[in-house]
Engineer: 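Structure below; questions to follow.
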Amino acid sequence: MKIIVKSDGFRFFVPIPTAVFLSRPMVRIWLRMMRQSQQYVTLPEQAVKAIWNLPEESVLRLCDELQRVKRKHKSWDLVEVETSSGQQVLIQL
């Protein structure tokens with residue numbers, strides 16, 4: 001996974017190892033941290049139901065599918081944003 005930020009004469013690049021970030025142990029750690037931080041974050045009740053009550057197996061399947069897409073397509077744009085002032089943010093799988 002890559003996060004690329006481009007601005008006037010400035011380019012910022014953050015490589016993130018997808019296999020490590022989306023591995024099952026890391027996903028379980030992320031889920032545990034999210035659920036523990038629930039008391040510190042104020043969200044609308046619908047968002048709380050949607051985010052914190054996700055079954056662990058569903059999240060693991062999503063991460064497995066993202067890894068499969070990464071192996072198949074190598075580079076896939078997840079988010080691409082450009083501001084009116086010309087700054088760009090690109091998140092690639």
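Being a predicted model, the structure only gives us computed values, none of them experimental. Reckoned from all heavy atoms, side chains included, excluding hydrogens, waters and symmetry mates.
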Engineer: In Å and rounded to the nearest 0.5 Å, what is the CG to CD distance from Asp8 to Gln87?
Structural biologist: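 If we round to the nearest 0.5 Å, Asp8:CG and Gln87:CD are 7.0 Å apart.
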Engineer: May I ask whether Val79 and Val89 are part of the same hydrophobic cluster, defined by side-chain heavy atoms of I, L, V, M, F, W, Y residues being less than 4.5 angstrom apart, directly or through others?
Structural biologist: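 Looking at the clustering, Val89 is in the same group as Val79.
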Engineer: Measure the spacing between CG of Leu93 and NZ of Lys72 and express it to the nearest 0.5 Å.
Structural biologist: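 Taking CG in Leu93 and NZ in Lys72, the distance rounds to 13.0 Å.
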Engineer: Look up atom CD in Gln67 and atom OG in Ser23, then write down how far apart they are to the nearest 0.5 Å.
Structural biologist: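 Nearest 0.5 Å value for the CD-OG distance: 7.0 Å.
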Engineer: Between Glu65 and Arg61, is the closest basic N to carboxylate O distance under 4.0 Å?
Structural biologist: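 No, this pair does not count.
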Engineer: When you measure from the side chain of Thr18 to the backbone N and O of Met1, does any donor-acceptor pair fall under 3.5 Å?
Structural biologist: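 Yes, the answer is positive, given that a donor and an acceptor are paired below the 3.5 Å cut-off.
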Engineer: Measuring from atom NZ of Lys2 to atom OG of Ser75, what distance do you get when rounded to the nearest 0.5 angstrom?
Structural biologist: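 Separation between the atoms: 5.0 Å.
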Engineer: Mind checking the CD-CZ spacing from Glu56 to Arg24? Nearest 0.5 Å is all I need.
Structural biologist: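 With rounding to 0.5 Å, CD (Glu56) is 8.5 Å from CZ (Arg24).
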Engineer: Identify whether Phe13 and Leu78 are in the same connected component of the hydrophobic contact network (ILVMFWY, side-chain heavy atoms under 4.5 Å).
Structural biologist: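 No; tracing contacts between hydrophobic side chains, which count when under 4.5 Å, never links both residues.
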Engineer: Could you grab the distance from atom CD1 of Ile91 to atom CH2 of Trp76, nearest 0.5 Å is fine?
Structural biologist: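 Those atoms lie 13.0 Å apart.
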Engineer: Take Ile4 and Arg11, measure what side chain to side chain contact (heavy atoms under 4.5 Å, CB included) needs, and give me the verdict at the end.
Structural biologist: CA-CA 7 Å; Ile4 303 167; Arg11 184 171 180 255; 4.1 Å; yes
Engineer: Where do Val27 and Phe21 come nearest, in terms of heavy atoms and distance?
Structural biologist: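 Shortest heavy-atom separation between Val27 and Phe21 comes out as CG2-O, 4.4 Å.
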Engineer: Out of curiosity, does Val14 fall in the hydrophobic cluster containing Leu22 (side-chain heavy atoms, cut-off under 4.5 Å, transitive links)?
Structural biologist: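 They do share one cluster, since a chain of ILVMFWY contacts under 4.5 Å joins Leu22 to Val14.
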Engineer: Is it possible for you to say whether Leu90 and Val81 belong to one hydrophobic cluster, with membership spreading through side-chain heavy-atom contacts below 4.5 Å?
Structural biologist: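 Different clusters.
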Engineer: Does NZ in Lys6 sit with more than 12 non-hydrogen atoms of other residues, nucleotides or ligands closer than 6.0 Å?
Structural biologist: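 Incorrect, the count does not exceed 12.
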